[in-house]
Amino acid sequence: MKKLGNKIVYELYPISFMDSNNDGYGDIKGIIEKLDYLQLLGIDLIWITPIFKSPKNDNGYDISNYCEIDQSFGTMDDVDNLIEEAKKRNIGIMFDMVFNHVSTESEWFKKALEGSKKYQDYFYIVKSNDKVNPPCNWVSKFGGPAWKYEEKFNGWYLCLYDKTQADLKWLNPEVREELVKVMKFWIDKGIKGFRFDVINVIGKSGKFINAEDNIGKSFYTDQPIVHKYLKEINKASFGNIEDFITVGEMSSTTIENCILYSNPKEKELDMVFNFHHLKVDYKNGEKWENKPWDKKEFKRLIQTWQLKLQDRGWNAVFLNNHDQPRINSRYGNVKKYWFESSTLFATLIFTLQGTPFIYQGEEIGMTNPYFETIDQYRDVESINAFNEMKAKGMDEKLILEILSVKSRDNSRTPMQWNDRKNAGFSDVKPWIDVAKNYKQINVESQINNPNSVFNFYRKLIKLRKENEALFEGKIQFIDSEDSLIIFKRTTFNKELVSILNISDQEVCYDVKQFKYIDILVNNYKEIDLKSIKPFQALVLEIEK
Ligand code: NOJ
């Protein structure tokens, strides 16, 4: 059995990590420069979001060649060097496999446009003379219809994301063979893991039927055939590699499917990302409306996913990534409790069952940048949403307020290395603005401060790796009021309890009921045995 609980994965968004050649964009050499920093933090794997050739309409998730490096990031030699240098530090590299769709600038799509029947069969193309009404009413995840008319096809092609991201026809075995070749190419290079982008939406039947909800998700999400495809690619590529780690990003998924995706006996993937706990601030499922987060629902979701996957599947545990606003700005309170809320959420992910994933900048408590104008935004989804809300007649001030809370750009601002120009990310103006708080929040000011967020993360990582109860133990939740999440982690000879206050209010609680032997984590200086302070995180070793 693979040991997954003591691996810590660091998600790195290369365009915003470190710019080595001062062109305003982060690059591979920049990552290499910072490997010592990542080693100091204590992580095991770096998941790098796509650095493959791409026109970058969706920041690299629109890949035009899976086996070529985009020159804006560097060269294949740089990648070889990165793999080698990372290996010297016991760090593996995980690449992002974006296989639901491919860029319309890829050779495959270009050949399809030139009329090749072989390559037209790589895509979902529906011939039609009707250039106004798409084959069905499914909508794109980035707004508008999930279809684009293409004169050269004399028909429509399916694109669930941007119009330049054409959905690949997994139904065609040749497509699956091509993708296996891509994986083998990277495995041979020494890549140690794959993160599969929106992998649970690959199972389209080829029949396009109008959806009653005018959205269409149920027709293409978690279709039974996805399990067959995953078993097939597992067997044909990464399945038998001992120390290889795979994680699937699952969009609007179910627990039942995630058990299958991540149960080792099924031979599909090692673990799953689900996003339900990051939608508790959506109003009736609508992202582009602000609503205070629902703590009770958050707690219920964490608890349910932990318990249902226990012994049956495996969670990738995370609260931040490149598509999500920063958790401390979002569910925490960065004005009043910046340190406390940043470290509270860290303690949650490092003490739950699963594999913890942290996202660049999280380890120093980076926050949302609070952009004020639309030209500060770069993200295609955010810009489309802005235009759609404007077209509906919404007030621009309100739209900008929503974006400043919900936009994906909130997590994509440059890494804050120091308090100098452009936060030390680049000598020139970066592709996206740096958050204004970089003078207070940056790596340099935290690295040697034992009480910093950075060193809190280091301690948590060390604690996790040293305690079997944390990386392998059972989890059991203890009833409490909505603002507290309390759970025990247990192995045969040790028991720990996490007591986490997810609110900005002090909550009465009898800590003494646990006969504790040691305080392993406390993000306050003191411990009050009768109450838990705002965003306080306690981890205690207790008598078993
Ligand atoms: C999920 C990725 O995380 C996101 O950034 C991207 O836009 C979509 N998949 C489409 O590839």
Side-chain angles (χ1 to χ4, degrees), residues 9-17 26 46-66 70 94-106 109 123 138-144 146 148 158-168 170 179 182 193-204 217 220-222 226 246-253 269 271-276 278-279 287-288 316 318-326 357-360 362 377-385 406-413 431-432:
V9 189
Y10 185 92
E11 185 199 348
L12 192 151
Y13 200 62
I15 192 171
S16 293
F17 191 64
I46 309 173
W47 151 30
I48 304 183
T49 63
I51 49 174
F52 314 108
K53 191 159 189 240
S54 161
K56 302 217 194 67
N57 295 321
D58 184 21
N59 281 9
Y61 281 92
D62 47 326
I63 297 171
S64 56
N65 188 333
Y66 291 108
D70 196 272
M94 173 184 268
F95 265 2
D96 209 322
M97 298 290 109
V98 187
F99 286 166
N100 174 65
H101 41 264
V102 72
S103 166
T104 50
E105 288 190 19
S106 64
F109 197 84
F123 301 95
W138 300 359
V139 294
S140 150
K141 309 261 183 187
F142 293 164
K148 179 157 190 293
L158 181 69
C159 40
L160 289 182
Y161 291 85
D162 187 49
K163 299 285 173 274
T164 62
Q165 292 166 304
D167 279 53
L168 280 167
W170 278 69
L179 300 176
V182 171
F194 291 142
R195 176 261 188 193
F196 291 96
D197 190 64
V198 290
I199 197 69
N200 65 330
V201 305
I202 56 175
K204 286 127 234 168
K217 273 187 202 172
Y220 58 76
T221 307
D222 285 333
V226 177
T246 54
V247 53
E249 184 198 31
M250 306 299 170
S251 163
S252 304
T253 189
L269 300 173
M271 62 186 100
V272 284
F273 289 119
N274 89 80
F275 295 89
H276 296 288
L278 295 176
K279 292 185 179 172
K287 170 167 176 172
W288 302 109
F318 75 106
L319 293 167
N320 289 287
N321 78 17
H322 67 284
D323 293 328
Q324 303 293 330
R326 299 273 178 188
F357 278 64
I358 54 182
Y359 174 67
Q360 71 182 41
E362 174 182 338
Y377 288 92
R378 301 286 175 271
D379 171 33
V380 56
E381 184 200 39
S382 308
I383 294 166
N384 288 353
K406 295 286 175 70
S407 167
R408 304 195 296 180
D409 280 339
N410 283 310
S411 57
R412 297 178 176 184
T413 58
W431 70 281
I432 189 169

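When a ligand or atom number is given, it counts from 1 through the structure's own listing order.
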Enumerate the atoms of ligand 1 whose separation from the nearest heavy atom of [X] is less than 4.0 angstrom.
X    : result
E249 : 1 (C), 3 (O), 9 (N)
R408 : 4 (C), 5 (O), 6 (C), 7 (O)
D323 : 1 (C), 2 (C), 3 (O), 4 (C), 5 (O)
H101 : 10 (C), 11 (O)
F142 : 7 (O)

For ligand 1, is there an atom lying under 4.0 Å from some heavy atom of [X]?
X    : value
R412 : yes
E381 : no
K141 : no
R195 : yes

Among K287, R412, K141, which residue meets the salt bridge (charged side-chain N to carboxylate O under 4.0 Å, His left out) test with E381?
-> K287
Would you please classify the geometry between the F99 ring and the F196 ring as parallel, tilted or perpendicular, with 30° and 60° separating the classes?
-> tilted
Would you call the rings of H322 and W47 parallel, tilted or perpendicular if under 30° counts as parallel and over 60° as perpendicular?
-> perpendicular
Atom CD1 of I199 and atom CE of M250: how far apart are they, to the nearest 0.5 Å?
-> 7.0 Å
Output the distance between atom OG1 (T413) and atom CZ (R378), rounded to the nearest 0.5 Å.
-> 12.0 Å
Output field: ring centroids F275/F318 closer than 6.0 Å | yes
Any N or O of D58 that comes nearer than 3.5 Å to an N or O of ligand 1?
-> yes
Identified ring-ring contact (aromatic ring centres under 6.0 Å, His included) counterpart of H101 within the set W170, F142, Y161 = Y161
Just need the protein heavy atom nearest to atom 1 (C) of ligand 1, so name the residue and atom and give the distance.
-> D197 OD1, 2.9 Å
Step-by-step side chain to side chain donor-acceptor pair (under 3.5 Å) determination, D96 to Y61 | CA-CA 9 Å; D96 209 322; Y61 281 92; 2.6 Å; yes
